[in-house]
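See below for the structure under consideration.
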Amino acid sequence: MLFQSQGFILVFLPSLLLAFYAVVGWPAGRQWVLIAGSMFFYAWWDVRFLPLLLGQISATWILALIGARLGSRLPLVVGIVLNLASLITFKYLDFLLGSIEAATSITLPRAGFVLPVGISFFSFQLISYLVDRLRRDAPIYPFRPFLLFVLLFPHLIAGPIVRHHELIPQFELDPRRAGGAYRFGVGFVLFTIGLAKKVLLADALAEIVDNLFMREQIQALNFGEAWTAALGFALQLFLDFSAYTEMAIGIALMFGLLLPENFRRPYLATDLRDFWRRWHITLSNFIRDYLYIPFGGSRKGPARTVVAVLASMGLCGLWHGAGWTYAVWGLWHGGGLLACRAWQRVGRPLPGGLGWLLTMGFVLVGWVVFRSPDFTTAASILGSLSGYRGMRGTIGSPKLIAAAAAIATLLPSAYEMKDQWLRPQPVVAIATALLAIYCVLVVGVGGPKPFIYFQF
Amino acid sequence: MIEPFYEAANRWVRSIRKEPIETTWARFSCLGLTTFGGGVAMVYLFVLLVDPFDIIPFSLPIERPIVSISQRYMYPMVIRSRRYDSFVIGTSTARLLDPERLDHLFGTRFANLAMDSMTAWEQQKVAQYFLSVIGPPKVLIVGLDLVWCQRDADRARVTFRGFPGWLYGDDSWSAYLHLLNTDTVEIAVRLVGYRLGVYPSRMRDDGYAVFTPPEDQYDLARARSRIWGIRGPGIRPVVPAVELSAEQRAALTFPALAWLEGLLEQLPATTRTILAFMPVHVAGQPRPGSEEAAFEQVCKAEIAEIGRRRGAVVADWRIPSPTTRDDANYWDSVHYRLPVADHLADQIARAARGYGPDAEPTYRLLAGPDPSDRTH
């Protein structure tokens with residue numbers, strides 16, 4: 001079930017809110033309502049994946065419990081291996097077999113597993129909990145809140161990646177506590193803004209971008225088309241993913257829960273480190289805490305830093321998808337972060353405008369590799385982007401691109417809106433409601449389209 | 001910059017209301033949710049009452065002309081009107097057959113249900129729906145195009161436009177789930193506009209509409225450039241011509257022909273069925289001697305055989321002929337002009353009686369009744 005589908009907006013969400021607030025004074029009851037709703041939400045995609053999800057959660061919790069009872073670290077390591085094994089089996093097995101086959105010319109069979117939706121997100125959350133247990137930085141939670149921590153439907157499929165200590169303590173808090181009406185109202189507005197970004201902008205951009213990347217397979221794009229494809233995808237990806245995040249944060253707020261911020265207007269970044277502090281913030285934090293620092297971070301000499309950055313960002317790329325284009329995208333950013341760090345050490349900051357241009361150019365090249373199905377396509381589009389094939393053509397759908405760019409850069413982030421911008425004015429409530437109605441009607445034509453990050 | 005003004009305005013609003021901010025947010029949420037819920041309910045109720053596709057049992061009893069060119073959505077309404085006892089199906093090459101002319105020729109009440117880029121699967125769905133609502137037609141004209149001979153017809157069943165099966169009786173209850181969208185709202189508003197006299201109907205009630213440009217805008221030079229494209233005029237046959245072996249012919253399958261035969265099987269002997277290959281310009285036909293031409297001949301032969309088995313007339317205008325060779329008869333390589341359509345209707349009526357072309361060899365009769373049998 002997609003957040004922007006009519007079934008979700010008009011039936012599932014109102015029903016769950018009613019059930020939740022019917023038992024709001026009973027902490028266990030409202031948690032079970034959310035657990036049941038989340039299981040229904042997940043099973044709507046494919047009920048076959050529900051046992052896998054519940055199995056991973058239960059195994060992780062039991063192993064953590066055994067580790068605590070025995071005072072042993074072994075069960076925690078087993079839990080990490082189990083979660084990684086599940087992720088690798090479902091997401092990377094065929095990719096690994098294909099890579100081995102390409103390297104050795106030995107024909108290997110393929111597993112052909114269907115990718116369980118959200119597996120990268122929930123596996124990472126479970127692994128982070130076990131690693132925190134190893135670091136003695138996480139308690140043993142009762143099973144019910146632990147189950148809900150992973151299952152909670154707003155973040156289950158595509159994040160934000162939530163850490164146990166950020167969410168589990170909130171389950172005990174009464175949603176009617178001070179600020180309840182504020183949270184509900186802001187949640188409604190954030191959900192609607194995300195809905196509009198997804199339905200009116202990201203989906204419209206997707207049609208243009210998909211067509212151009214498909215056409216590239218037949219005939220090289222010209223200069224204008226290549227820029228349209230690259231800019232269009234950069235904007236589509238941000239609007240699509242940030243829309244999902246805003247809807248997730250908005251829904252959670254309506255249930256009295258606060259999810260972490262995931263974007264802070266990343267296309268205003270003036271250097272690459274700044275970009276990663278603004279883009280997919282929860283993933284950046286995860287990579288910093290669970291990859292970069294364990295790999296050595298920046299405190300064990302320059303050589304170790306280079307290895308830590310490249311390994312972390314390479315794995316970050318592979319987290320997005322089982323393909324070498326993703327790995328190269330990660331390494332591209334790793335190299336960029338190292339160059340940025342080195343330049344900042346020199347102590348001669350670039351003028352803001354120049355820094356922004358360089359950063360956006362760098363990011364744009366990365367997105368072309370990220371979106372391309374193979375390196376041949378990526379190289380061809382980058383060639384056209386650079387003017388290698390001439391400067392023919394103009395930017396397609398300029399009004400849509402301009403509107404998307406304006407929204408991507410000028411619209412405050414979810415947290416900025418929540419904390420600084422939103423006011424309880426009647427005109428805002430009515431405008432939000434009318435926008436939501438229009439989006440619901442637009443979604444009704446041809447049905448909702450999945451979010452890009454669902455495939456990761 | 002704006003922040004201080006916001007703050008001041010809010011302080012002012014709160015001081016007037018003398019209520020805590022939490023209450024203001026509660027009012028905000030109530031107003032937002034009420035507007036949203038009420039708005040959705042009102043829009044849905046409006047669509048249900050106006051009922052743009054005439055499928056809701058309790059909708060307002062108003063006249064519903066065709067106010068949209070979305071044929072796949074509007075034509076079920078033409079069938080449900082029960083005003084017609086005969087129909088045409090096909091692609092855009094059959095759309096210009098005027099039902100009023102056909103009525104005069106056949107003595108029936110025709111609807112033209114041919115649609116742009118209509119696949120064979122869609123055509124048989126429309127025909128089946130006609131049968132389920134009205135029963136066997138008096139006359140059925142199938143405007144045949146290559147869609148019936150596509151070898152992947154069972155995989156490519158619908159076009160990018162989609163096909164609203166819920167309007168064709170697949171699941172009438174699910175219709176309620178398909179009515180809340182901008183398209184249906186737009187059509188409902190147009191219907192209201194029609195009632196108020198500010199919006200015209202887009203097609204005749206029998207589904208007929210002239211989709212080609214006005215005849216007085218016809219430009220032969222432009223038409224020629226569209227017909228022949230950059231390759232320039234002239235047909236260059238493939239030499240030596242491809243000849244299919246018996247094994248190759250036997251291996252050819254045309255999945256849509258099973259649907260065609262299944263449809264004809266349901267028709268009683270009283271239904272007059274004409275399977276008519278439409279007159280595409282020679283530039284739009286396969287090159288003589290090519291593999292495509294050989295495949296097409298096999299397909300035509302199979303359709304002729306189906307016609308013979310099921311008592312249908314099969315006539316072929318999709319041949320090189322004085323009509324299809326003359327550029328001045330066409331807007332492009334597929335679409336003929338209005339006068340051709342009128343002449344074609346006359347010829348279809350003639351072929352239906354078992355006669356070949358009267359003067360010029362514009363069509364071939366592949367299967368049909370004995371002309372001496374004048375029972376029809």
Side-chain angles (χ1 to χ4, degrees), chain A residues 5-7 9-11 13-14 17-18 21 176-192 195 199-200 207 211 250 253-254 412 416-448, chain B residues 1-14 16-17 19-44 46-47 70 72-73 158 160-164 166 174-189:
Chain A
S5 66
Q6 290 185 343
I9 297 171
L10 301 176
V11 181
L13 186 58
L17 280 167
L18 281 175
Y21 281 99
R176 297 167 300 178
R177 67 191 182 277
Y182 156 76
R183 281 188 296 277
F184 199 98
V186 169
F188 171 59
V189 177
L190 288 182
F191 179 83
T192 304
L195 177 67
V199 172
L200 305 181
E207 273 186 39
N211 276 335
L253 278 173
M254 286 190 246
E416 285 171 332
M417 281 189 273
K418 175 175 78 68
D419 297 334
Q420 300 166 35
W421 285 91
L422 289 178
R423 297 290 179 267
Q425 293 156 328
V427 66
V428 177
I430 291 171
T432 304
L434 294 178
L435 183 62
I437 292 170
Y438 181 66
C439 292
V440 164
L441 293 176
V442 171
V443 167
V445 182
Chain B
M1 285 287 280
I2 303 169
E3 194 77 355
F5 295 103
Y6 259 105
E7 283 298 335
N10 276 295
R11 273 198 302 274
W12 179 69
V13 169
R14 286 205 296 274
I16 290 175
R17 287 184 177 160
E19 65 185 18
I21 185 70
E22 188 71 0
T23 312
T24 317
W25 273 110
R27 284 181 193 282
F28 176 92
S29 298
C30 284
L31 180 61
L33 291 181
T34 310
T35 309
F36 174 71
V40 169
M42 280 171 60
V43 169
Y44 195 43
F46 169 70
V47 172
S70 299
R72 285 164 177 76
Y73 287 82
V158 297
F160 69 91
R161 295 171 174 86
F163 185 79
W166 53 276
S174 76
Y176 289 92
L177 302 177
H178 291 91
L179 292 174
L180 190 62
N181 59 63
T182 46
D183 284 354
T184 49
V185 171
E186 185 184 341
I187 296 171
V189 169

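The shown structure was predicted, so the numbers you read here are calculated from the model rather than taken from an experiment. Order of the sequence lines fixes the chain letters, A, B, ..., with proteins taken first and strands second; residue numbering starts at 1 for each chain.
- Per-residue counts of heavy-atom pairs under 4.5 Å with chain A were compared for B:T184, B:T35, B:L180; the largest is that of B:L180.
- Heavy atoms of other residues, nucleotides or ligands lying less than 6.0 angstrom from OH of A:Y182 number more than 12.
- The main-chain N or O of A:R176 is never found under 3.5 Å from a side-chain atom of A:R183 such that the two would form a donor-acceptor pair.
- If you measure heavy-atom distances from B:V185 to chain A, the contacts under 4.5 Å come from the side chain alone.
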(message) Set out, in order, the CA-CA distance, both residues' side-chain angles and the distance that settles side-chain contact (heavy atoms from CB on, under 4.5 Å) for A:L422 and B:W25, then state yes or no.
(response) CA-CA 10 Å; A:L422 289 178; B:W25 273 110; 4.2 Å; yes
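- When the candidates B:V43, B:T34, B:L31, B:T182 are compared by the number of heavy-atom contacts under 4.5 Å with chain A, B:T182 comes out ahead.
- Of the listed residues (B:V40, B:L179, B:L177), the one with the most heavy-atom contacts under 4.5 Å to chain A is B:V40.
- Checked by atom type and distance alone, the side chain of B:E22 never pairs as donor or acceptor with a backbone atom of A:A178 at under 3.5 Å.
- Note: A:L10 leads A:L435, A:V189, A:L10 in heavy-atom pairs under 4.5 Å with chain B.
- With a 6.0 Å radius and a threshold of 12 heavy atoms from other residues, nucleotides or ligands, A:E207 has its CD atom at or below the threshold.
- Per-residue counts of heavy-atom pairs under 4.5 Å with chain B were compared for A:G180, A:G185, A:A431, A:G7; the largest is that of A:G185.
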